[in-house]
Each structure stands twice: as structure tokens, then as C-alpha cells.
Amino acid sequence: MLRVKGMPAVGFGLWKLAKEDCAECVYQAIAAGYRHLDSASDYGNEAEVGEGIARALADGLCQREELWVTSKLWNTYHAPEHVRPALLKTLADLRLDYLDLYLIHFPIAQPFVPFEKRYPPGWLLEPDATQPRMELAAVPLYQTWQAMEALVEEGLVKQIGVCNYNSGLLHDLHSYARIKPAMLQIESHPYLTQERLIQLAQQYDMGVTAFSPLGALSYLELEMAGAQESVLQQEVVQAAAARVGRTPAQVVLRWGIQRGTAIIPKTSRPERLRENLALFDFSLNDDEMAAISALNQNRRFNDPGAFCAAAFNRFHPIYD
Ligand SMILES: NC(=O)c1ccc[n+]([C@@H]2O[C@H](COP(=O)([O-])OP(=O)(O)OC[C@H]3O[C@@H](n4cnc5c(N)ncnc54)[C@H](OP(=O)(O)O)[C@@H]3O)[C@@H](O)[C@H]2O)c1
């Protein structure tokens with residue numbers, strides 16, 4: 001399979017995979033040929049992901065070394081003394097002894113919540129309070145990065161990187177990183193093409209992973225997008241799908257890998273698992289690539305500047 005900085009270009013995204021389906025979905029994904037899993041402590045399903053991986057390995061579907069497993073450090077574990085325990089918890093849940101890639105989930109530090117109090121802790125410090133609120137902790141990102149570097153040196157993670165950084169934070173990170181970030185994971189799809197940020201990351205020799213590669217679809221159930229915002233309805237997407245004889249979703253995903261980003265689509269449906277991986281026996285022509293890129297509206301569905309105020313009682317933009 002095509003690779004982005006050594007990582008399989010198509011991964012299986014695990015956010016919002018229900019616990020009860022998760023182990024079986026992970027097993028089915030590996031059986032269908034996925035060799036890259038995009039996990040996170042915050043998704044609340046790492047133990048079930050680990051169960052699916054363990055079953056797949058035990059059944060001989062692949063070897064551990066053929067799998068690329070990414071996970072992410074949650075906001076409440078940014079203080080240097082919490083980074084290693086957070087990674088060890090993730091490794092224990094995933095039943096692995098190393099990660100291929102560990103990412104800082106958000107450039108947002110929040111107060112520590114002990115594992116035994118709540119795991120994963122989410123965004124709110126005291127969810128049961130009468131007026132629950134997202135709180136912040138004064139932890140500079142360079143300190144978190146130094147603790148991430150120590151994980152590489154100890155052999156617990158092969159590579160480290162960041163999510164949801166803007167260009168200013170990337171410049172800053174590169175000014176102090178002893179171990180350079182291998183990957184930038186950001187929201188990107190035809191309505192949020194992020195060309196300059198992607199170009200900058202590539203200039204820094206980083207790979208780029210596009211999350212929510214299908215755009216609005218992930219955000220309908222969260223009421224953070226409207227059905228009319230689906231890029232699959234766009235005429236240029238539908239015309240390309242008709243020409244290549246594929247689904248509109250496959251066209252949007254193919255656009256993602258053809259522009260050089262990795263993609264990590266999530267689905268809980270077996271037939272879509274196969275659909276979302278079947279992207280390598282067709283291609284889009286230059287006109288189709290350009291027309292899909294031209295759909296850009298800088299529409300960000302996953303925006304702390306919007307959802308923190310709406311859901312967590314705190315205005316906290318990070319991209320503006
Ligand atoms: N780093 C971060 O901050 C961050 C943020 C968000 C996401 N992520 C990662 O990126 C992954 C992907 O993003 P995402 O889950 O937000 O969005 P996504 O993969 O773009 O879209 C998922 C949605 O699309 C539907 N879908 C999947 N395949 C489809 C197809 N072939 N045709 C039609 N609908 C389809 C799914 O429904 P069904 O399940 O019903 O098929 C689901 O509602 C996540 O799972 C997570 O691993 C990272």
C-alpha cells in the first residue's frame with residue numbers, strides 16, 4: 001500500500017466506534033487489509049481496540065510489525081510527569097509494548113485527572129458539578145514535547161507528532177524539538193483543504209494525516225454540521241464518481257491520498273470498511289483534482305473555538 005512517511009496512507013479511524021462493536025470492527029478491518037489504526041485515549045475504546053488487535057494477531061491475520069498503531073496524548077496529561085503514565089495506560093489497553101506513532105491530541109493543556117477518578121477524563125474537570133466547565137493548566141507545550149521525546153528514547157514509541165497545530169505552533173515546535181515531529185494530523189477534506197499548512201508541514205519534512213476526510217459526515221450525529229453540508233452531494237464529486245465507476249465517498253477519499261495526505265476514515269459498517277480501502281485501482285485526473293480542491297470553503301467542523309464555548313462553557317479558540 002501507498003505510504004506517507006512510512007505509514008500506510010489509509011488507516012482506520014476509531015473515534016466514536018461504540019465499545020460494543022469496536023473489537024469486532026477492528027478485527028474486521030485488519031481482516032479486510034487495514035494495517036493502520038488511528039486510536040486515542042480520549043475515544044474511550046482503547047481496551048476494545050486492543051481486544052480486536054489481540055484476536056487478529058492470535059488468528060495470524062498479520063504480525064505486529066506489519067501494523068501501524070497511532071494513539072494520542074490527552075489534554076489532561078500534558079504535564080511532563082503524566083506523559084509516560086498516560087502512554088503506559090494506552091499501551092496496556094491496546095495490549096501492545098510499543099506504538100508506531102504517539103501524537104499530542106490538542107495544543108490545549110488541562111488539569112490532571114487521575115485514572116482512577118475518571119478515564120478517559122474528557123474536557124470537563126468536574127462533569128457532575130452544577131455548572132461544569134472546561135479548565136486550563138499552565139503547561140508549556142515544549143515541556144510536553146520533551147516528555148514525548150523521552151518516550152522515543154526509551155523505545156516505547158517509534159515516532160512522535162502533533163495534531164491540531166497551526167503554522168505558528170509548528171514553527172515554534174521546530175525551534176526546540178531535538179527529535180523532530182514526524183506527523184501533523186489535522187482536519188482536512190474538500191471544504192477545508194488547508195493547502196498552506198500542509199505545504200509548511202511538508203517543508204518541515206513531516207507527513208500529514210487528514211482527519212474527518214469525509215467532511216461533514218462525522219459531525220451530523222453531533223449536530224455540528226447540517227446534512228446539506230455533505231461534500232458527497234457536490235456535482236463535481238458525483239461526476240467524477242460516475243466517470244471512474246466508484247462511490248462519491250471513494251472519490252473524496254482518493255482525492256485525499258492523491259494530494260499526498262494520509263487519510264483515516266472511520267466506519268462501523270463492514271461493507272464501507274472495504275469501500276474505503278479500495279482506492280488504489282483508479283485515479284482522478286488533474287481537472288477532477290482541481291475541481292474538488294476548488295470546493296474549499298475553509299469550513300472547519302472540529303473547532304474548539306466553537307465547541308468549547310457551546311459544550312464546555314469556555315471560549316477557547318486555537319486557530320484564529
Ligand atoms: N486528531 C484529532 O483531533 C481528530 C479529530 C477527529 C477525528 N480524528 C480521527 O480521524 C478519524 C476519521 O475522522 P471522523 O471519524 O471524524 O470522520 P470520517 O471518517 O470522515 O467520517 C466518518 C463518518 O462517515 C460515515 N462514512 C464512513 N464511510 C462512509 C462511506 N463510504 N460512505 C458514506 N458514509 C461513510 C461514517 O458512518 P458509519 O460509521 O455509519 O459508516 C461516519 O458517520 C477518526 O475516527 C479519528 O480516528 C482525529
Side-chain angles (χ1 to χ4, degrees), residues 7 9-18 20-22 24-26 28-29 32 34 36-46 49 68-75 94 101-108 120 122-123 161-166 181 183-192 194 208-225 227 229-233 237-238 241 246-257 261-279 299-305 307-308 318-319:
M7 183 180 79
V10 182
F12 182 36
L14 299 163
W15 182 36
K16 296 196 253 95
L17 255 190
E20 56 274 22
D21 304 330
C22 187
E24 181 60 19
C25 278
V26 166
Q28 290 302 334
Y34 286 82
H36 165 186
L37 303 172
D38 187 77
S39 183
S41 150
D42 185 52
Y43 301 162
N45 55 14
E46 287 203 308
V49 173
W68 180 287
V69 183
T70 299
S71 187
K72 311 186 190 88
L73 177 80
W74 186 241
N75 304 349
L94 293 173
L101 178 64
Y102 200 37
L103 303 171
I104 295 178
H105 204 147
F106 280 97
I108 300 173
W123 293 84
V162 294
C163 306
N164 300 307
Y165 272 40
N166 62 17
M183 187 64 63
L184 171 68
Q185 186 177 120
I186 47 167
E187 178 179 342
S188 194
H189 41 72
Y191 288 165
L192 183 68
Q194 306 237 49
V208 177
T209 302
F211 75 68
S212 305
L214 292 167
L217 298 186
S218 176
Y219 298 92
L220 298 176
E221 62 190 286
L222 302 173
E223 297 180 355
M224 290 159 71
E229 293 188 275
S230 169
V231 68
L232 305 190
Q233 316 301 331
V237 171
Q238 301 226 342
R246 297 305 179 105
T247 65
Q250 286 175 310
V251 165
V252 169
L253 296 176
R254 173 74 206 184
W255 170 86
I257 51 172
T261 60
I263 54 167
I264 43 176
K266 170 265 175 186
T267 181
S268 44
R269 306 190 198 188
E271 68 282 7
R272 286 182 175 169
L273 272 177
R274 287 184 289 278
E275 177 184 339
N276 294 349
L277 196 56
L279 307 173
R299 171 68 166 108
R300 192 186 294 280
F301 296 104
N302 194 321
D303 184 355
F307 70 72
C308 289
I318 60 171
Y319 300 115

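Both ligands and their constituent atoms are indexed starting at 1 by order of listing.
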Could you check which of Phe211, Phe106, Trp15 puts a non-hydrogen atom nearest to atom 2 (C) of ligand 1? Phe211
Contacting atoms of ligand 1, where contact means under 4.0 angstrom from a heavy atom of His105: 1 (N), 2 (C), 3 (O)
Identity and separation of the nearest protein heavy atom to atom 24 (O) of ligand 1: Leu217 CB, 3.5 Å
Just going by heavy-atom distances, which of His189, Gln185, Gln250 is nearest to atom 48 (C) of ligand 1? Gln185
For Leu214, is at least one N or O under 3.5 Å away from an N or O on ligand 1? yes
Between the side chains of Tyr219 and Asn302, does any donor sit under 3.5 Å from an acceptor? yes
Please check whether Pro213 reaches ligand 1 - meaning an N/O of the residue sits under 3.5 Å from an N/O of the ligand, judged on distance alone. yes
Looking only at heavy atoms, which two atoms of Leu220 and Ala225 are closest? And how far apart? CD2-O, 3.6 Å
Numbering as shown, the atoms of ligand 1 that approach Asn302 to under 4.0 Å (heavy-atom distance): 5 (C), 6 (C)
For the residue pair Gln185 and Asp38, confirm or rule out a side-chain donor-acceptor distance under 3.5 Å. yes
Nearest-contact summary for atom 29 (C) of ligand 1 - protein heavy atom, Å: Arg272 CD, 3.5 Å
By number and element, which atoms of ligand 1 are closer than 4.0 Å to a non-hydrogen atom of Asp38? 9 (C), 46 (C), 47 (O)
What do we get for Asn164 next to ligand 1 when only non-hydrogen atoms under 4.0 Å count, side chain, backbone, both or neither? side chain
Around atom 40 (O) of ligand 1, find the nearest protein heavy atom and jot down its residue, atom name and distance. Arg269 NE, 3.1 Å
Determine whether the side chain, the backbone, both or neither of Cys163 has a heavy atom under 4.0 Å from any heavy atom of ligand 1. side chain
Do Lys16 and Ser218 have side-chain N/O donor and acceptor atoms under 3.5 Å apart? yes
Short N/O distance, under 3.5 Å, between Lys266 and ligand 1? yes
Consider only side-chain N and O atoms of Ser212 and Glu187, and report whether a donor and an acceptor are under 3.5 Å apart. no
Lys72 side-chain N/O to Ser41 backbone N/O, donor-acceptor pair under 3.5 Å: no
Any idea which protein heavy atom is nearest atom 13 (O) of ligand 1, and the distance to it? Ser212 N, 3.0 Å
Between CG of Leu277 and CZ of Arg272, what distance do you get to the nearest 0.5 Å? 15.5 Å
Side chains of Thr247 and Glu275 only: does a donor on one sit below 3.5 Å from an acceptor on the other? yes
Does the separation of the ring centres of Trp123 and Phe106 fall below 6.0 angstrom? yes
List the closest protein heavy-atom neighbour of atom 14 (P) of ligand 1: residue, atom name, distance to the nearest 0.1 Å. Ser218 OG, 3.4 Å
Which residue and non-hydrogen atom of the protein lie closest to atom 46 (C) of ligand 1, and at what distance in Å? Tyr43 OH, 3.3 Å
Determine yes or no for a side-chain-to-main-chain donor-acceptor pair under 3.5 angstrom, with Arg300 supplying the side chain and Tyr191 the backbone. no
For ligand 1, does Leu220 get within less than 4.0 Å through its side chain, its backbone, both, or neither, judged by non-hydrogen atoms? neither
Atoms of ligand 1 close to Ala249 [distance to a heavy atom under 4.0 angstrom, numbered from 1]: 30 (C), 31 (N), 32 (N)
Of all the heavy-atom pairs spanning Gly161 and Leu101, show the shortest one and how long it is. N-CD1, 4.2 Å
Contact atoms of ligand 1, heavy-atom distance to Thr267 under 4.0 Å: 27 (C), 38 (P), 39 (O), 41 (O)
For Cys25 and Phe12, the nearest pair of non-hydrogen atoms, with its separation, is O-CE2, 3.9 Å
Of the protein's non-hydrogen atoms, which lies at the shortest distance from atom 12 (C) of ligand 1, and what is that distance? Ile264 O, 2.9 Å
Aromatic contact, Phe301 with His189 (centres under 6.0 Å): yes
Considering heavy atoms of the protein only, find what lies nearest to atom 28 (N) of ligand 1 and give residue, atom and distance to 0.1 Å. Asn276 ND2, 3.0 Å
